[in-house]
Amino acid sequence: MIKEDVIICRCEDITLKDITDLLDEGYQTFEEIKRILRIGMGACQGSTCISLLQREISNYHNIPIEKVETPKVRPLMTGVKLKSISEAYKNES
Amino acid sequence: MKANIVIIGSGISGVSIAYNLAKKGVKDIVVVDKSYISSGSTGRCGAGVRQQWGTLMNCKLAKSSIDFFEKAQKILKYHRDIEFKQEGYLIVAEDDEEFNQFKKNVKLQNSVGIPSIQISKDEAKKIVPHLNLDVIHSATYCKTDGHLNPFLMTDAYYVAAKKLGVKFYFYEEVKEIIVSNKKIQKVITDKHEFYTHKVVNAAGGFAKEVGDLVGIDIPVYSENHEILVTEPIEKIQGPMVISFKKNIYCQQVPHGAFIMGRSDKSVEKNHDISSTWKFLDEMSKTAVELLPLIGELRVIRQWGGSYNVSPDRQPIISDTKELAGYYMAVGFSGHGFMFAPMTGLLLSEMILNEPTSIDITDLHIDRFESENKTNYEQSVV
Ligand SMILES: Cc1cc2nc3c(=O)[nH]c(=O)nc-3n(C[C@H](O)[C@H](O)[C@H](O)COP(=O)(O)OP(=O)(O)OC[C@H]3O[C@@H](n4cnc5c(N)ncnc54)[C@H](O)[C@@H]3O)c2cc1C
């Protein structure tokens, strides 16, 4: 498997190699890796990559996948235009 | 375990202090953080770096810090890009009152070599074409202000400090500091005991609590400040745009996303860092009014973080007369990221009894004892 070719996060264009490089450098947790690579912070808010990264951390450190902590889910649940929010009140009436 | 010094907090302040001390040759430096690196305000901040301030002290701290940021990548020999974007801050004035205040500010800034200028709204439009001229009076602009990636800047200090031998302990909370004979003896965490005579309080939002551990009353409090980020697009905005009266700061980061925040006067003093619908509502209205074009952008996520606020909105970088060996770098009042290079340098000088690079008597905790001495910083969002 060519690690450069395996995309883990499509929003931020993060490959498997980006992930394993950081694990090799000694970064251990989801939060640390997220902050360096922006993985999980893109338009889809981690729909695909969270479980993929969880699995990589689990394999690398040999810990059960359910023990790998994942980041906080942030509002909004879906992208909304600023304009729509600012005008929302108007549209309600 | 023995340590020469224990630094509490691995935000930008803690890592900068550790790096500066290690660079000056101090051995056995320990940094303890109750969570992961930059988990406090640092990893939640807007990471704007500006020199357009209203007090002399803030101007000096900011200017010298920018001088460092310009060379940080090289000095720290960091292997990733810290994403320093130096395309200025545009501060808009809403009315004559702000225009006159800014006139004084620019004069003060220029007196210490900060290249800020006061400009008309048409000139502002040339710098930020999507600015709504109907709602502004004029602006000031400083082209050497900018922005960095807060995670990577903190990581850069962290990696450099580690190379110099600093030991980091994450996910470990300082619970107790043992003092006897007016001297610090021990720092106790939930995992270790460190024998040390020196402690630095760089605990950000928890600065007051870490003062309480040794009975020193630090006059700071924490309050939630919210922020959001949009989807990334091609570059359309160079500088950070801010307005104190409208209550907004808004920057397009090199990655393409816009980040923006504002403060809420009614927010309570506590450790809450949650997200509210009210913020989203007010933020969107302010942003769309001042920068209509970005109304087209989708909001991706919002979050919150603590401002640790001091009575005069200037940091407390200080030792204490009550307890030798106890130092603090706290109360940054929403602008501690941009001062971090100087925070680290000045505190390391103070700890080593060296003359400080700039006179920081005005940042000492004792300044609050005499009320008329405080010089209130008004240029804050
Ligand atoms: C929304 C927002 C926007 C901002 N925008 C800007 C900006 O544009 N420019 C700017 O310069 N500043 C900005 N700031 C302010 C900036 O984030 C802070 O001033 C700065 O990050 C403070 O860094 P610090 O290292 O002092 O504190 P923190 O980053 O908060 O670090 C303190 C650390 O101490 C740890 N800690 C606390 N108590 C203990 C304990 N008992 N034991 C062990 N560890 C402990 C915490 O876990 C934390 O990691 C903003 C802040 C917010 C919230």
Side-chain angles (χ1 to χ4, degrees), chain A residues 9-15 17-19 21-50 53 57 61 63 67-92, chain B residues 35-39 42-44 79-81 83 149-156 158-159 162 168 170-171 226-232 250 253 255-258 260 273-277 279-289 291-304:
Chain A
C9 165
R10 288 177 294 195
C11 300
E12 296 296 330
D13 221 1
I14 304 299
T15 67
K17 180 163 189 306
D18 295 325
I19 305 286
D21 281 354
L22 281 184
L23 289 166
D24 287 341
E25 277 181 45
Y27 296 93
Q28 298 192 0
T29 63
F30 202 117
E31 293 289 359
E32 290 165 328
I33 293 170
K34 178 184 101 175
R35 277 166 174 71
I36 291 175
L37 296 178
R38 289 193 171 88
I39 185 165
M41 294 159 93
C44 87
Q45 288 292 284
S47 305
T48 316
C49 65
I50 287 184
L53 177 53
I57 295 174
H61 292 299
I63 41 178
K67 291 268 163 64
V68 178
E69 277 188 51
T70 54
K72 193 168 160 49
V73 177
R74 297 274 179 202
L76 293 39
M77 295 307 287
T78 182
V80 179
K81 282 186 183 176
L82 280 164
K83 207 168 66 178
S84 316
I85 301 166
S86 80
E87 289 172 357
Y89 179 70
K90 250 191 313 203
N91 296 341
E92 267 168 21
Chain B
S35 185
Y36 51 88
I37 189 167
S38 73
S39 55
T42 300
R44 303 167 184 282
H79 58 299
R80 271 179 280 271
D81 180 4
E83 297 174 13
N149 180 317
F151 310 131
L152 298 177
M153 187 61 231
T154 310
D155 192 57
Y158 165 64
V159 171
K162 265 203 310 193
F168 286 82
F170 293 112
Y171 296 101
E226 296 185 57
I227 178 165
L228 66 77
V229 64
T230 70
E231 62 190 319
C250 174
V253 302
H255 159 264
F258 277 75
M260 62 193 79
I273 50 167
S274 55
S275 301
T276 64
W277 165 251
F279 165 76
L280 191 59
D281 181 46
E282 293 176 350
M283 187 76 250
S284 66
K285 292 192 171 93
T286 315
V288 172
E289 184 197 17
L291 304 157
L293 185 62
I294 62 168
E296 297 300 328
L297 297 179
R298 281 170 192 80
V299 178
I300 297 294
R301 52 201 271 130
Q302 64 177 113
W303 65 96

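Everything numeric in this text was worked out from a predicted model, so none of it was measured. Proteins get letters first, then strands, A, B, ... in listed order; numbering begins at 1 in each.
Heavy-atom neighbours of Arg10(A) CZ from other residues, nucleotides or ligands within 6.0 Å: at or below the threshold of 12.
Ring orientation note: the planes of Tyr158(B) and Phe170(B) are nearly perpendicular, at an angle over 60° on the 30°/60° scale.
For Thr276(B) and Glu226(B), the side-chain atoms include at least one donor-acceptor pair closer than 3.5 Å.
Residue contact with chain A, scored on non-hydrogen atoms closer than 4.5 Å, is absent for Phe258(B). For a residue to count as touching a neighbouring chain, one of its non-hydrogen atoms must lie under 4.5 Å from one of that chain's; by this rule Val159(B) touches chain A with the side chain only. Heavy atoms of Leu152(B) lying under 4.5 Å from chain A belong exclusively to its side chain. Proximity to chain A (any heavy atom under 4.5 Å) is shown, for Glu231(B), by neither the backbone nor the side chain. The part of Tyr27(A) that comes within reach of chain B is its side chain, from C-beta onward, which places non-hydrogen atoms under 4.5 angstrom from that chain. Proximity to chain A (any heavy atom under 4.5 Å) is shown, for Thr286(B), by neither the backbone nor the side chain.
For Arg35(A) and Glu31(A), the salt-bridge test passes: some basic side-chain N is under 4.0 Å from an acidic carboxylate O.
Using a 4.5 Å heavy-atom cutoff, the side chains of Ile14(A) and Cys49(A) are not in contact.
Trp303(B) places no side-chain N or O within 3.5 Å of a backbone atom of Arg74(A) that could act as its donor or acceptor partner.
Put simply, of Glu32(A), Lys72(A), Glu12(A), Glu25(A), the one with the most heavy-atom pairs under 4.5 Å next to chain B is Glu25(A).
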